[in-house]
Amino acid sequence: MAAAGSGVAAAEAGAGPAGAAFSTANSGRVNGLSHPPGAIAMKDHDAIKLFVGQIPRNLEESDLKPLFEEFGRIYELTVLKDRFTGMHKGCAFLTYCARDSALKAQSALHEQKTLPGMNRPIQVKPADSEGRGEDRKLFVGMLGKQQSEDDVRRLFEPFGQIEECTILRGPDGASKGCAFVKYSSHAEAQAAISSLHGSQTMPGASSSLVVKFADTDKERTLRRMHQMAGQLGIFNPMTIQFGAYGAYTQAIMQQQAALMAAAQGTCLNPMAAIAAAQMQQMAAFNPPSLPRPAGTSTPPGISTAPVPSIATPIGVNGFSPLPPQTNGQPTSETIYTNGIHPYPAAYPTAYAPISQAFPQQAPIIPQQQREGPEGCNLFIYHLPQEFGDAELTQMFLPFGNVISAKVFVDRATNQSKCFGFVSFDNPTSAQAAIQAMNGFQIGMKRLKVQLKRPKDANRPY
DNA sequence: TGTCATT
């Protein structure tokens, strides 16, 4: 809850003990016990901070104090105010010196009475900051798909009292291989992590048991935002910077980089190797043009006329000599002098808000493996051993919007299994990639590029 | 032939 979150900071930053914060008329006499005026109130170590909601906005701390003092000596009481306007938010944080006072107040007041002018009863309950549950709830991963709630309980029982145990299941009831386990205390949860995380590998699981604290609401929201960002097509910074021509400009930059490497007889990185090979292939299969990334969206106002001029400088050899002034560095100027300008005059501002939103560094959205629509997903075999996700992405960028590229890696050795997946956002790009890249020779191997087999299909080959 | 999944 945002209100509680900002309120915590406000409460922490505000004046401390009630004795100092509010000097009301009866400050020398609280809860029937007298104590010297000006004495600093101490709170118990196990004191609970309460959230109080449904308070009329005309009531300030001094008005509320008498109501709550009935249950014990108050250590701190803070009405939540808007950080900027100072407006009363209709709620407060309340800490009693004694834990017991808080419990009494909660049971006597929570939902039990409605303050004047409010239409819902007062809320008195431990504040979110009191670790209402997230810090004792565990996420358990790498379970066997056939393990039941009872199996998981048995596993986690030795470390404390389990309040809740839920296996995550899909709509069909099949286990997703993970679960939530909630203990009655943080310490118990921590003990379970220490003993169980990585301790064993469940039958059918691909790696050892995962035991960690579950995501907080905040983390969950963040993850959802990332997912949404992915769906909106914010895949990588180059897409944003170069718009629809990112594929072309990148492909050309790579080829030029590869040229330099090849000219020096050094092919140290995999991209140089692939780009060099790609150029031979370019010259062979369709002389003057890169494959047209069909289906790539063209920003409004851009004519498609520049496309042929992109191909032209490449020439029949698959490349053109570098302009002398670039000194071989594949900078963005290199691209411009080749006659390719990512921002024609007709299209000056459409992406500007995005680049302004991320002035320094475009956000790196962690690329999760996303399948495209049917017919957009490729299976690629016989990849060079040293190829990773990035190289795979680069290799297929010229054919369209690559929404994901994944090279499979052996988890034990971290070695590529030499196959992977590439997904486009449309089937035409996928077909173009198959046409151009299936049988593509790299070193001694030829790539196998075909549509990914659908999960449910049982084709025997 | 999408490996790890967050109510």
Side-chain angles (χ1 to χ4, degrees), chain A residues 132-147 149 152 162-183 189 193 197-198 200-228 230 366-383 387-389 392-393 396 402-424 430 433-434 438 447-461:
Chain A
R132 184 176 30 105
E134 300 299 349
D135 69 341
R136 51 196 173 95
K137 183 177 290 189
L138 299 178
F139 173 82
V140 183
M142 285 291 101
L143 288 167
K145 293 275 199 286
Q146 73 299 335
Q147 283 183 288
E149 265 85 358
V152 175
I162 296 173
E163 283 189 7
E164 178 192 318
C165 173
T166 322
I167 304 244
L168 272 67
R169 299 179 186 280
D172 55 353
S175 166
K176 290 182 170 177
C178 51
F180 291 108
V181 173
K182 184 156 141 194
Y183 282 103
I193 292 175
H197 179 67
Q200 53 200 294
T201 299
M202 296 305 175
S206 63
S207 122
S208 62
L209 192 66
V210 171
V211 183
K212 56 204 269 200
F213 287 113
D215 279 359
T216 61
D217 285 353
K218 205 175 279 180
E219 289 164 325
R220 209 154 74 213
T221 306
L222 264 177
R223 180 155 26 79
R224 295 222 173 110
M225 286 170 61
H226 280 181
Q227 280 168 359
M228 281 167 59
Q367 182 75 62
Q368 52 209 59
Q369 57 279 1
R370 298 174 61 239
E371 271 191 64
E374 180 79 30
C376 301
N377 307 299
L378 303 180
F379 172 68
I380 295 108
Y381 200 33
H382 296 147
L383 287 169
F387 258 46
D389 295 354
L392 189 59
T393 306
F396 284 85
V402 173
I403 61 178
S404 85
K406 194 81 207 158
V407 173
F408 261 50
V409 168
D410 185 300
R411 298 195 113 85
T413 67
N414 230 20
Q415 296 284 297
S416 163
K417 292 181 172 172
C418 297
F419 71 87
F421 301 90
V422 170
S423 295
F424 290 99
I434 293 174
N438 187 35
L447 287 187
K448 177 164 136 183
V449 181
Q450 52 188 219
L451 284 179
K452 186 180 101 69
R453 206 154 60 199
K455 273 194 186 93
D456 48 356
N458 283 325
R459 275 175 269 172
Y461 55 91

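Numbered from 1 within each chain, the chains take letters A, B, ... in sequence-line order.
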Decide side-chain contact (heavy atoms from CB on, under 4.5 Å) for F379(A) and F421(A); before the verdict, give the C-alpha distance in whole Å, the side-chain angles of both, and the deciding distance to 0.1 Å. CA-CA 5 Å; F379(A) 172 68; F421(A) 301 90; 3.8 Å; yes
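- Nearest-nucleotide assignment on DNA chain B puts the 5′-proximal partner with F408(A), out of F408(A) and G141(A).
- Taken from NZ in K182(A) to CG in D135(A), the straight-line distance is 10.0 Å, to the nearest 0.5 Å.
- Note: NZ (K452(A)) to C1' (dG2(B)) measures 6 Å, nearest angstrom.
- No contact: V181(A) has no heavy atom under 4.0 Å from any strand.
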Table please: side-chain donor-acceptor pairs of residues 202-209 of chain A below 3.5 Å, with sequence neighbours left out.
none

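- Across all strands shown, K448(A) has no heavy atoms under 4.0 Å from either base or sugar-phosphate atoms.
- E219(A) places its CD atom 20 Å from the P atom of dC4(B), with the value rounded to the nearest Å.
- Residue S206(A) places at least one side-chain N or O under 4.0 Å from the OP1 or OP2 atom of dC4(B).
- For the pair L168(A) CG and dC4(B) C1', the computed distance is 13 Å after rounding to whole Å.
- For K137(A) and dT6(B), a side-chain-to-base donor-acceptor distance below 3.5 Å is absent, hydrogens and geometry of angles not being considered.
- Side-chain N/O atoms of K417(A) and base N/O atoms of dT3(B) include no donor-acceptor pair closer than 3.5 Å.
- At the phosphate of dA5(B), neither OP1 nor OP2 sits under 4.0 Å from any side-chain N or O atom of R220(A).
- As rounded to whole Å, 14 Å separates atom P of dC4(B) from atom NE2 of H197(A).
- Residue side chain F419(A) fails the stacking definition with respect to dT1(B), as its ring centre and the base's six-membered ring centre are not both under 5.5 angstrom apart and under 30 degrees in plane angle.
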